[in-house]
2 protein chains.
Amino acid sequence: MSARETLTATLPSHGRAQEVVEAGLDEGLLVTVFGRCRVEYEGRASSTLEAGDRLVVLKPDGTVLVHTEEGQQPVNWQPPGCTQDAVVDDGLVIHSHRESPDEELTVEFDSVRHVVAYNVTDEQDLSLQGTESDMRERILSDPSLVEDGFEPRATERETSAGAVDIYGVDDTGDAVVVELKRRRVGPDAVSQLNRYVDALKRDLHAEMHVRGILVAPSLTDSAHHLLDRHGLDFVSLSPAPQ
Amino acid sequence: MSARETLTATLPSHGRAQEVVEAGLDEGLLVTVFGRCRVEYEGRASSTLEAGDRLVVLKPDGTVLVHTEEGQQPVNWQPPGCTQDAVVDDGLVIHSHRESPDEELTVEFDSVRHVVAYNVTDEQDLSLQGTESDMRERILSDPSLVEDGFEPRATERETSAGAVDIYGVDDTGDAVVVELKRRRVGPDAVSQLNRYVDALKRDLHAEMHVRGILVAPSLTDSAHHLLDRHGLDFVSLSPAPQ
DNA sequence: AAATCCATTTCGTGC
DNA sequence: GCACGAAGTGGATTT
């Protein structure tokens, strides 16, 4: 079987399906199996899924995905790094095993309607814009987006509660902790910023005043209340320059 | 074309590929397209992915997934509810559009190596054990798992900071807020519990003492420090009965 | 539609 | 390996 080719089998016997899957796994191909199957998972949690038609994707990096006809997320899965094998019992059975944590996924096919093994080459990386990291770059190149007189001094500055997105000083010389979020935020982001401000106050253990500024497109009501209660500030900024 | 059948085409012309995809979309089939493609996304963020071999999955609920040979997550996607269409320009082009937020995904194929449309029926629901909800049931049926004398009074009790997992009283009559986590927790879960405790103190605005207990398999060091600082308690409990 | 929070979150980064 | 936090997080539930 040439690795250049795409191996396919329509309505294969379980033995033939097993051959294609095994060949695909051996040769580092991307394998898809479509058919009626039961799925069992045991690991961090455990689950059972009775027989139905599903698409199973096996990737050469050890990923397994079981997709139904709806939903963006697979109904069952196994992460990269797992070991896969395919055997024939009553029907085609695909096992995936992971150590640390110990997890096992078993897909038992009643009937395989289609199996394909694709030879994949993909060197490209995704270029993504509009991330939190892009917001940081925007602010570093124009600190007045936070407030007039703001001077960034460090990014990812370490505190005893973790790394602060942007650390700097305001026009009065007070220390400023900036927490960035690329989307509308709730109370969790406020608590996060408050932890950093508290930690920095303790770390500096001086009389130094420490302000906290949450920079995000918008705030929920309860986040706003919590922000006020903690004496923190908010600046509205979107990830894209618009 | 019978909906009972699985439509497949190997190394199809762009026109033939478009026919299969369009027929699949029209008839509510699960469609997979494998080939060399470029991908563009514009919406909450924006991204570009240069030409490479990928597996594209189109679901009848409007989901689009673009998978490379590695990673559990699709490199690009569109959630359920999007509208899909397939046209031929230089090659097969698949568009997916979403309103609110306005988002568009475009997949342009240089060459299609394989296209399949599957008729899917799947009535089954996943049965999952070992969730946070299972922890709650365990505690309600044996409250001493939290501590001797603990008496649950309500689940999902509302406070001004959100709903508390389990609300109850301890053997001295003090109010108790229990926050459950199915896995090892960090500082975020401690802050969450602290918000609930603070909110309940304000809500009750009495002299009533309010305790907070974090129930999880384990704690990180910084979570432990933060827990101590806030005067909260920890109880070790796993989601599964072991 | 908005808000909140869980998730077998996954993924990347740094230690 | 663990810890921490971002993500175009997704998904469920409730208002």
Side-chain angles (χ1 to χ4, degrees), chain A residues 41-47 63-66 70-82 98 100-105 126 128-136 156 158-159 161-165 179-189 192 195-196 218-224 239-240, chain B residues 41-47 63 65 70-81 98 100-105 126 128-136 156 158-159 161-165 179-189 192 195-196 218-223 239-240:
Chain A
Y41 157 74
E42 181 96 31
R44 288 165 291 174
S46 59
S47 71
T63 299
V64 183
L65 306 172
V66 182
E70 59 183 18
Q72 180 173 338
Q73 297 303 129
V75 64
N76 278 113
W77 68 91
Q78 205 72 303
C82 296
R98 178 191 192 186
S100 173
D102 192 5
E103 296 193 294
E104 178 105 10
L105 181 72
L126 183 74
L128 181 66
Q129 295 85 41
T131 63
E132 183 182 300
S133 171
D134 292 326
M135 291 179 75
R136 185 172 57 223
E156 301 299 317
E158 284 298 331
T159 73
V164 163
D165 282 340
E179 175 62 28
L180 304 173
K181 294 293 170 187
R182 70 171 305 284
R183 62 176 190 174
R184 183 174 176 84
V185 295
D188 51 342
Q192 189 187 348
R195 287 201 303 273
Y196 294 150
S218 59
L219 273 180
T220 68
D221 280 352
S222 68
H224 192 95
Chain B
Y41 156 75
E42 181 95 32
R44 287 167 291 175
S46 59
S47 71
T63 299
L65 306 171
E70 60 183 16
Q72 180 173 338
Q73 296 305 128
V75 65
N76 276 114
W77 69 92
Q78 205 71 303
R98 178 192 193 186
S100 171
D102 193 5
E103 296 194 293
E104 178 106 8
L105 181 72
L126 183 74
L128 181 67
Q129 294 85 40
T131 63
E132 183 182 297
S133 171
D134 292 326
M135 291 179 75
R136 185 172 58 224
E156 301 299 318
E158 283 299 331
T159 74
V164 163
D165 282 340
E179 175 62 29
L180 304 173
K181 294 293 169 187
R182 72 170 306 285
R183 60 174 193 176
R184 183 174 175 84
V185 296
D188 51 342
Q192 188 186 353
R195 287 200 303 274
Y196 294 150
S218 59
L219 273 180
T220 66
D221 280 352
S222 68

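Residue numbers start from 1 in every chain, and the chains themselves are labelled A, B, ... in the order their sequence lines are given, proteins ahead of strands. Hydrogens, waters and symmetry mates play no part in the numbers below; they use all other heavy atoms, side chains included.
- Side-chain to base pairing of Q78(B) with dG8(D): one donor and one acceptor N or O lie within less than 3.5 Å of each other.
- Using a 4.0 Å heavy-atom criterion, one finds that R183(A) contacts the bases of the nucleic acid, with or without backbone contacts as well.
- We find that R136(A) and E156(A) are joined by a salt bridge, their nearest charged nitrogen and carboxylate oxygen being less than 4.0 Å apart.
- Taking atom C1' on both nucleotides, dG5(D) is separated from dA7(C) by 16 Å, rounded to a whole Å.
- Across all strands shown, dT8(C) remains unpaired; no Watson-Crick or G-U wobble contact has both distances below 3.5 Å.
- The shortest distance between the side-chain N/O atoms of Y196(B) and the OP1/OP2 oxygens of dT4(C) is not below 4.0 Å.
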N/O contacts under 3.5 Å, protein versus nucleotides 11-15 of chain D?
residue: dG11(D); atom: OP1; partner: Q72(A); partner atom: N; Å: 2.9
residue: dG11(D); atom: OP1; partner: Q73(A); partner atom: N; Å: 3.1

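- Nearest-nucleotide assignment on DNA chain C puts the 5′-proximal partner with A163(B), out of V75(A) and A163(B).
- OP1 or OP2 of dT10(C) lies within a sub-4.0 Å distance of a side-chain N or O belonging to R44(A).
- Contacts of A189(A) with the nucleic acid, taken as non-hydrogen atoms under 4.0 Å apart, are absent.
- Of the listed nucleotides (dC6(C), dT8(C), dA6(D)), dC6(C) has the atom at the smallest distance from the side chain of E179(B).
- Within the nucleic acid shown, A223(B) has no heavy atom closer than 4.0 Å to any nucleic acid atom.
- The side chain of T131(B) contributes no N or O atom lying less than 4.0 Å from OP1 or OP2 of dT8(C).
- Among the protein residues, S100(B) comes within range of the sugar-phosphate backbone only, with heavy atoms under 4.0 Å from sugar or phosphate atoms but none that close to a base.
- Contacts of N76(B) with the nucleic acid, taken as non-hydrogen atoms under 4.0 Å apart, include base atoms.
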